[in-house]
Amino acid sequence: PAMITHPNPKRVAVIGGGEGATVREILKHSTLEKVVMIEIDEGVVNLSTKYLPGWQDCSSIAHHDGCAEWCFDDERADLRVEDALAYFNDNFGS
């Protein structure tokens with residue numbers, strides 16, 4: 001819902017969501033410049049890739065250069081396997 005209410009979403013962070021469905025929906029927005037998906041458990045990403053491949057399928061998103069069949073390969077997507085609190089502290093903490 002937040003992506004729909006924002007008039008010009010450019011940067012998004014997703015905490016958790018290693019299955020890829022949230023990133024897939026975010027990548028549908030043509031104004032998006034970058035989405036960082038922070039998942040603490042790489043096993044979630046790996047199992048989802050194997051057993052839920054449709055959730056990470058971005059092959060129908062073709063409104064920009066750099067799109068990819070697998071959502072996490074999209075040039076705008078940054079998949080991080082680490083603790084989200086540490087990520088935000090390291091990148092945005094004072």
Side-chain angles (χ1 to χ4, degrees):
M3 293 291 291
I4 294 170
T5 60
H6 194 289
N8 192 23
K10 292 186 179 191
R11 296 179 314 274
V12 177
V14 177
I15 300 171
E19 82 296 331
T22 303
V23 170
R24 180 192 67 226
E25 295 305 308
I26 290 169
L27 288 170
K28 290 179 179 179
H29 293 266
S30 60
T31 61
L32 185 78
E33 295 173 358
K34 184 172 186 175
V35 56
V36 178
M37 201 285 297
I38 310 156
E39 173 61 60
I40 198 166
D41 186 354
E42 188 172 19
V44 172
V45 177
N46 294 337
L47 286 171
S48 298
T49 300
K50 183 175 181 178
Y51 295 107
L52 303 169
W55 291 21
Q56 301 170 1
D57 182 2
C58 282
S59 60
S60 66
I61 302 171
H63 56 69
H64 68 90
D65 295 330
C67 61
E69 281 193 31
W70 191 55
C71 297
F72 295 133
D73 285 340
D74 187 292
E75 66 182 14
R76 300 171 299 162
D78 181 10
L79 170 61
R80 317 283 300 205
V81 179
E82 62 185 280
D83 180 79
L85 182 58
Y87 171 83
F88 282 101
N89 283 336
D90 292 346
N91 291 283
F92 303 102
S94 46

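One is the number of the first residue; the rest follow in order along the sequence.
With a 4.5 Å cut-off between side-chain heavy atoms of Ile, Leu, Val, Met, Phe, Trp and Tyr, the cluster of Ile15 takes in Val36, Ile38, Tyr87, Phe88, Phe92.
Arg76 pairs with exactly one of Val12, Val23, Leu32 by the side-chain contact (heavy atoms from CB on, under 4.5 Å) rule, that one being Leu32.
Residues Met37 and Thr22 have side chains not in contact (no heavy-atom distance under 4.5 Å, counting atoms from C-beta outward). Considering only heavy atoms from C-beta on, Cys58 stays 4.5 Å or farther from Asp74 through its side chain.
Across all non-hydrogen atoms, the minimal contact from Asp83 to Ala86 is OD2-N, 2.9 Å.
For Val44, the side chain to side chain contact (heavy atoms under 4.5 Å, CB included) criterion is met by Glu39, Asp41, Ser48, not counting sequence neighbours.
Residues Trp55 and Leu47 fall into different hydrophobic clusters, defined by Ile, Leu, Val, Met, Phe, Trp and Tyr side chains chained together at heavy-atom separations under 4.5 Å. Leu79 and Ile40 sit in two unconnected hydrophobic clusters of ILVMFWY residues. Membership requires side-chain heavy atoms under 4.5 Å apart, directly or through other members. One hydrophobic cluster, built from ILVMFWY side chains closer than 4.5 Å, holds both Ile61 and Met3.
Distance alone, capped at 3.5 Å, is enough to place a donor-acceptor pair between the Thr31 side chain and the Pro9 backbone. Checked by atom type and distance alone, the side chain of Gln56 never pairs as donor or acceptor with a backbone atom of Arg24 at under 3.5 Å.
The 12-atom threshold is not exceeded at CD of Glu42, counting heavy atoms of other residues, nucleotides or ligands nearer than 6.0 Å. Heavy atoms of other residues, nucleotides or ligands lying less than 6.0 angstrom from CD of Glu82 number more than 12.
The CG atom of Asn8 sits 11.5 Å away from the NE2 atom of His29 when rounded to the nearest 0.5 Å.
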